[in-house]
A.B. asks: 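Pasting a structure here, questions to come.
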There are 2 protein chains.
Amino acid sequence: MHKLYLMTRSEENYIKTIFHLGRQGTQDVATNAIAELMETKPSSVTDMIKKLSEKDLVNYKRYQGVSLTSLGNKTALSIIRKHRLWEVFLVEKLDFSWDEVHEVAEQLEHIKSDKLIDSLDRLLAFPKFDPHGDPIPDKNGGFKERDRDLLSEVPIRTVGVCVGVKDSSATFLKFLDKNGIALGNQIKVMEREEFDGSLNIEIDGRNMQISHVIASNLYIKTNDGI
Amino acid sequence: MHKLYLMTRSEENYIKTIFHLGRQGTQDVATNAIAELMETKPSSVTDMIKKLSEKDLVNYKRYQGVSLTSLGNKTALSIIRKHRLWEVFLVEKLDFSWDEVHEVAEQLEHIKSDKLIDSLDRLLAFPKFDPHGDPIPDKNGGFKERDRDLLSEVPIRTVGVCVGVKDSSATFLKFLDKNGIALGNQIKVMEREEFDGSLNIEIDGRNMQISHVIASNLYIKTNDGI
DNA sequence: ACAAATTTTTAGATTTGCCTAAATTTTAAT
DNA sequence: ATTAAAATTTAGGCAAATCTAAAAATTTGT
């Protein structure tokens, strides 16, 4: 019915970027924003947007930005599913660390084979989250965003488990490794310094001080959800 | 030292084809042969050969065919290593059948990451042969062709184990499945019909008749090697 | 509201990998 | 040894994805 299959690698990368920038493709995204994230020129973006628009993957009106159509959204979710499943594979089966997976997954996500990705899903026992705590869409694009909060935004004395990172750059992840912060750690917010927003936390027993920047890139899951 | 890494997918496919056609790149390969195997036009082949020649991957003299340089050979072996390791992965870990692996491995072989392929090798416990019985080059391109013979060429009463196929097309492999012929089967050649070269064989107990075409695409390993 | 700044698009090139058609070289046949 | 056939290369073009520079539309500041 739809030839989701004959998309080029470049088209797929644009779709993915529009999805990420537009909060899952619902919002209008600016040409410049796409160009910046993809390290390309705005004029190249315009060209590609026209092409994607032809193919009914994006809604486009000149000068008004783009958003994903329902087909575009489905496509994005399928690429993200592949990306995140491969990340799990790399960490679980090939002993990659969480800061090494992104680059390789960027390549693997473009491999075309339904059977491959479904079998991979099975091999990994149908994981629901990737190594950075981001949810993995199921076969039909089903997506359950986990209920979680930024560490920088919860009240003092909140207790929770570290379940994700907002910034998943290698730099940040290596910093976390160096400081013994990992998904699964038990965290309690002891004190917040109003002056600079830094936090004093207790993490798996230890006590440590983290800056606001760090805290605003760590997600925790508390028990006070419904 | 050498930028084996910035090869395009197309360049890699040409190198692989030249390797296969020229018995591991040693012999001169005709432009037309490459074009036919790659389902492209001879003129396109000439273009690409010039480009590869520039990069010192092939030896080329106009009208005289091409062969791989030592760098080209090394490149080919690295691609073949990846292709075959991925095939093993698909069969061993993802339950693909041996006739389903080729197409996907053709995509996976172009993924660039040394760490990925070395880890995969480890996950698979350093396999020496792929699902069709072809040898997998090691990290350094080391290659040990297994001592084996075409079933069509061994004398009557020869006993051996089926260790490989010459034709690994899905059609042939499915035919073998249908007739219960698989790698690892014990085979004894009972009789050869001189008229059409067909064979009467005993395979894992059963008795069966196979045509010359079939026999000339099955490798067995006998015990009479040195 | 209107000029200035910013954003976006258009126009025209470039590179890669492919094509067709025509020319050239090699090989095969008599 | 020629000539016919086959193989190979050259010449000229095309589509995808990018770029630069210039033009057009939108947004912003006062």
Side-chain angles (χ1 to χ4, degrees), chain A residues 3-18 21-22 25 27-68 72 75-76 79 106-107 109-110 112, chain B residues 3-19 21-22 27-68 72 75-76 79 106-107 109-110 112:
Chain A
K3 57 289 162 155
L4 231 123
Y5 258 52
L6 21 97
M7 289 186 68
T8 66
R9 177 170 300 228
S10 187
E11 287 172 335
E12 290 190 347
N13 284 332
Y14 275 95
I15 291 292
K16 205 176 35 144
T17 302
I18 295 167
L21 281 173
Q27 289 183 356
D28 277 4
V29 176
T31 305
N32 269 1
I34 299 171
E36 193 178 354
L37 203 60
M38 296 189 70
E39 298 184 299
T40 182
K41 303 293 164 182
S43 54
S44 308
V45 175
T46 302
D47 284 349
M48 181 57 86
I49 285 172
K50 283 180 184 166
K51 194 176 159 195
L52 295 174
S53 179
E54 288 289 298
K55 294 192 175 193
D56 263 314
L57 290 159
V58 301
N59 305 115
Y60 174 57
K61 272 191 304 192
R62 284 158 80 243
Y63 295 99
Q64 305 306 142
V66 278
S67 60
L68 295 180
T75 305
I79 301 164
E106 288 278 298
Q107 297 181 63
E109 73 190 2
H110 299 292
K112 263 90 173 169
Chain B
K3 57 287 162 153
L4 229 125
Y5 258 52
L6 21 97
M7 289 186 69
T8 66
R9 177 171 301 228
S10 187
E11 288 171 336
E12 290 191 347
N13 284 333
Y14 275 94
I15 291 293
K16 204 177 36 146
T17 302
I18 295 167
F19 180 92
L21 282 173
Q27 289 184 354
D28 278 3
V29 176
T31 304
N32 269 1
I34 298 170
E36 194 179 353
L37 202 60
M38 296 189 71
E39 297 183 299
T40 183
K41 302 294 164 181
S43 54
S44 307
V45 176
T46 302
D47 284 350
M48 181 57 86
I49 285 172
K50 284 178 184 168
K51 193 177 160 196
L52 296 174
S53 179
E54 290 288 298
K55 294 192 176 194
D56 263 314
L57 289 160
V58 301
N59 305 115
Y60 173 58
K61 272 190 304 190
R62 284 157 80 243
Y63 295 99
Q64 306 306 142
V66 278
S67 60
L68 296 180
T75 305
I79 301 164
E106 288 279 299
Q107 296 181 64
E109 72 188 4
H110 300 291
K112 265 91 173 168

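Computed from a predicted model, the values in this text were never measured in an experiment. Chain A is the first sequence line, chain B the second, and so forth, proteins listed ahead of strands; every chain is numbered from 1.
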A.B. asks: Using OP1 and OP2 only, check whether a side-chain N or O of S44(A) sits under 4.0 Å from dC19(D).
C.D. replies: yes
A.B. asks: Any side-chain N or O of S10(A) under 4.0 Å from OP1/OP2 of dT18(D)?
C.D. replies: yes
A.B. asks: Grab the two heavy atoms, one from S10(B) and one from M48(B), that are nearest each other, plus how far apart they are.
C.D. replies: OG-CE, 3.5 Å
A.B. asks: Which of residues 30-38 of chain A have a heavy atom under 4.0 Å from DNA chain C?
C.D. replies: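 The stretch gives A30(A), T31(A), N32(A) as the residues lying under 4.0 Å from the strand, ordered by number.
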A.B. asks: Over how many whole Å does the gap from K61(A) atom NZ to dT8(C) atom P extend?
C.D. replies: 15 Å
A.B. asks: Tell me the interatomic distance from I49(A), atom CD1, to dT10(C), atom C1', rounded to whole angstroms.
C.D. replies: 14 Å
A.B. asks: N59(B): which residues meet the side chain to side chain donor-acceptor pair (under 3.5 Å) condition with it, sequence neighbours left out?
C.D. replies: S67(B)
A.B. asks: Tell me: CG of D47(B) to P of dT16(C), nearest whole Å?
C.D. replies: 12 Å
A.B. asks: CZ of R62(A) versus C1' of dT26(D): gap in Å, rounded?
C.D. replies: 12 Å
A.B. asks: For dT9(D), does OP1 or OP2 lie under 4.0 Å from any side-chain N or O of Y60(B)?
C.D. replies: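 For dT9(D), OP1/OP2 do have a side-chain N/O of Y60(B) under 4.0 Å.
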A.B. asks: Expressed in angstrom and rounded to an integer, what is the separation of R9(A) atom CZ from dA16(D) atom P?
C.D. replies: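 Computing the R9(A):CZ to dA16(D):P distance gives 18 Å.
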A.B. asks: Strictly below 4.0 Å: does T8(A) bring a side-chain N or O up to OP1 or OP2 of dA16(D)?
C.D. replies: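 Result: no.
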A.B. asks: In whole angstroms, how far is the C1' atom of dT25(C) from the CD atom of Q64(B)?
C.D. replies: 9 Å
A.B. asks: Round to a whole Å and report the spacing from NZ of K50(B) to P of dA11(D).
C.D. replies: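 Result: 8 Å.
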A.B. asks: Below 4.0 angstrom from OP1 or OP2 of dC18(C), is there any side-chain N or O of S43(B)?
C.D. replies: no
A.B. asks: Can you measure Y63(B) atom OH to dA6(D) atom P for me and round it to whole angstrom units?
C.D. replies: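 One finds 17 Å between P of dA6(D) and OH of Y63(B), rounded.
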